[in-house]
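We number each residue from 1, following the sequence as shown.
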Amino acid sequence: MMLHIALHFICPILIALVFYRSVWKKASSWMIATMLIDLDHLLASPIYDPNRCSINFHPLHQYEMIAVYAVLFLASSFLLWKKTKENGIKKNSRYLQWISLGLLIHMALDASDCWF
């Protein structure tokens, strides 16, 4: 349990250090902030069940939502890769990339609890 929670902080920091070195603090902060998605656990009864797999149980942990997070990550990555003259689009795309990547990391870590 404690390892799982720690990984929700460690993984975004490591990914930010590797892929976003110049802005790793900002990138990791945005990715860690996606832990707020776990507020949807408050809709479950009981709120916490150590034997429950949160993937496809909680509303924001559904397969459809995971697909949305993946599409947002790919779309924001494409906009960052594409040459554009508008800095606003690039800046917003970077935030969207961090948020969607954080959500995908979160879902992968939650899914690992279901398998092991």
Worksheet item: Is there a path from L17 to F9 through hydrophobic residues (I, L, V, M, F, W, Y) whose side chains come within less than 4.5 Å of each other?
Response: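 Shared cluster, yes.
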
Item to complete: Quick one: list whatever passes side chain to side chain donor-acceptor pair (under 3.5 Å) with S77, sequence neighbours left out.
Response: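 Per chain and number, S77 pairs via side chain to side chain donor-acceptor pair (under 3.5 Å) with Q97.
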
Fill in: Whichever hydrophobic residues join L96 through chains of side-chain contacts under 4.5 Å
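ILVMFWY cluster around L96 also holds V68, L72.
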
Worksheet item: Can I105 be reached from V18 by stepping across I, L, V, M, F, W or Y side chains whose heavy atoms are under 4.5 Å apart?
Response: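 V18 and I105: one cluster.
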
Worksheet item: What is the minimum heavy-atom distance between H61 and I66, and which atoms define it?
Response: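 H61 and I66 have their closest heavy atoms at O-CD1, 3.9 Å.
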
Item to complete: Enter the distance from L3:CG to D113:CG here, rounded to the nearest 0.5 Å.
Response: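 Result: 9.0 Å between the selected atoms.
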
Fill in: Any residue meeting side chain to side chain donor-acceptor pair (under 3.5 Å) with S76, in chain and number order, not counting sequence neighbours
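S76: no side chain to side chain donor-acceptor pair (under 3.5 Å) contacts found.
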
Discussion item. To the nearest 0.5 Å, what is the distance between NE2 on H58 and NE2 on H41?
Written reply: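 It is 4.0 Å, given to the nearest 0.5 Å.
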
Practice prompt. Check P59 against M65 and note the closest heavy-atom contact, atom names and distance.
Written response: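 In terms of heavy atoms, the two residues are closest at O-CG, 3.5 Å.
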
Worksheet item: Between CG of L7 and NE2 of H106, what distance do you get to the nearest 0.5 Å?
Response: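 It comes to 12.0 Å.
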
Item to complete: List the steps, then state whether side chain to side chain contact (heavy atoms under 4.5 Å, CB included) holds for I13 with I32.
Response: CA-CA 8 Å; I13 292 170; I32 290 169; 4.0 Å; yes

Discussion item. Going by side chain to side chain donor-acceptor pair (under 3.5 Å), name the residues that satisfy it together with N56, two or more places apart in sequence or in a different chain.
Written reply: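 Checked N56 against side chain to side chain donor-acceptor pair (under 3.5 Å); zero matches.
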
Worksheet item: Can you name the side-chain contact (heavy atoms from CB on, under 4.5 Å) partners of V23, sequence neighbours left out?
Response: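 With sequence neighbours excluded, V23 shows a side-chain contact (heavy atoms from CB on, under 4.5 Å) to Y20, W98, given in chain and number order.
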
Worksheet item: Are L104 and M31 connected in the hydrophobic side-chain network, where two residues link if heavy atoms are under 4.5 Å apart?
Response: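 As far as the 4.5 Å side-chain criterion goes, M31 and L104 are connected within one cluster.
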
Worksheet item: Nearest heavy-atom pair of P50 and Y48: which atoms, and what distance?
Response: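 Residues P50 and Y48, closest heavy atoms: CB-OH, 3.4 Å.
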
Fill in: Where I37 and Y69 come nearest, the two heavy atoms and their spacing
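Taking every non-hydrogen atom into account, CD1-OH, 3.2 Å.
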
Worksheet item: Going hydrophobic residue to hydrophobic residue with side-chain gaps under 4.5 angstrom, can you get from F73 over to I15?
Response: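 The answer is yes; both residues are in one hydrophobic cluster.
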
Discussion item. What I'd like to find out is whether the side chain of D38 reaches to under 4.5 Å of the side chain of D110, using heavy atoms alone.
Written reply: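 Yes, their side chains come closer than 4.5 Å.
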
Worksheet entry | Nearest non-hydrogen partners of L109 and H4, listed with the distance |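 Looking at all heavy atoms of both residues, the closest pair is O-CE1, 3.4 Å.
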
Discussion item. Are the side chains of Q62 and I55 in contact, using a 4.5 Å heavy-atom criterion?
Written reply: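 No, every pair of side-chain atoms sits at 4.5 Å or beyond.
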
Discussion item. Show the nearest heavy-atom pair for residues F57 and C53, with the distance to one decimal.
Written reply: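 Minimum heavy-atom contact is CB-O, 3.4 Å.
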
Worksheet entry | Straight-line distance of L36 CG to L103 CG, nearest 0.5 Å |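 Between L36 CG and L103 CG, I get 10.0 Å after rounding to 0.5 Å.
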
Fill in: Y63-L60 co-clustered via ILVMFWY side chain contacts under 4.5 Å
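Yes, because Y63 and L60 connect within a single hydrophobic cluster, where side-chain heavy atoms sit under 4.5 Å apart.
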
Worksheet item: Are the side chains of M107 and S54 in touch, meaning some heavy atoms are under 4.5 Å apart?
Response: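 When only atoms from C-beta onward are counted, S54 and M107 do not touch, as no gap falls below 4.5 Å.
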
Fill in: Main-chain N/O of A27 paired to R94 side chain as donor or acceptor, under 3.5 Å
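It does not hold such a pair.
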
Practice prompt. Mind checking ring pair (Phe, Tyr, Trp, His ring centres under 6.0 Å) for F19 and listing every partner two or more places apart, or none if nothing turns up?
Written response: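 With sequence neighbours excluded, F19 shows a ring pair (Phe, Tyr, Trp, His ring centres under 6.0 Å) to no residue whatsoever.
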
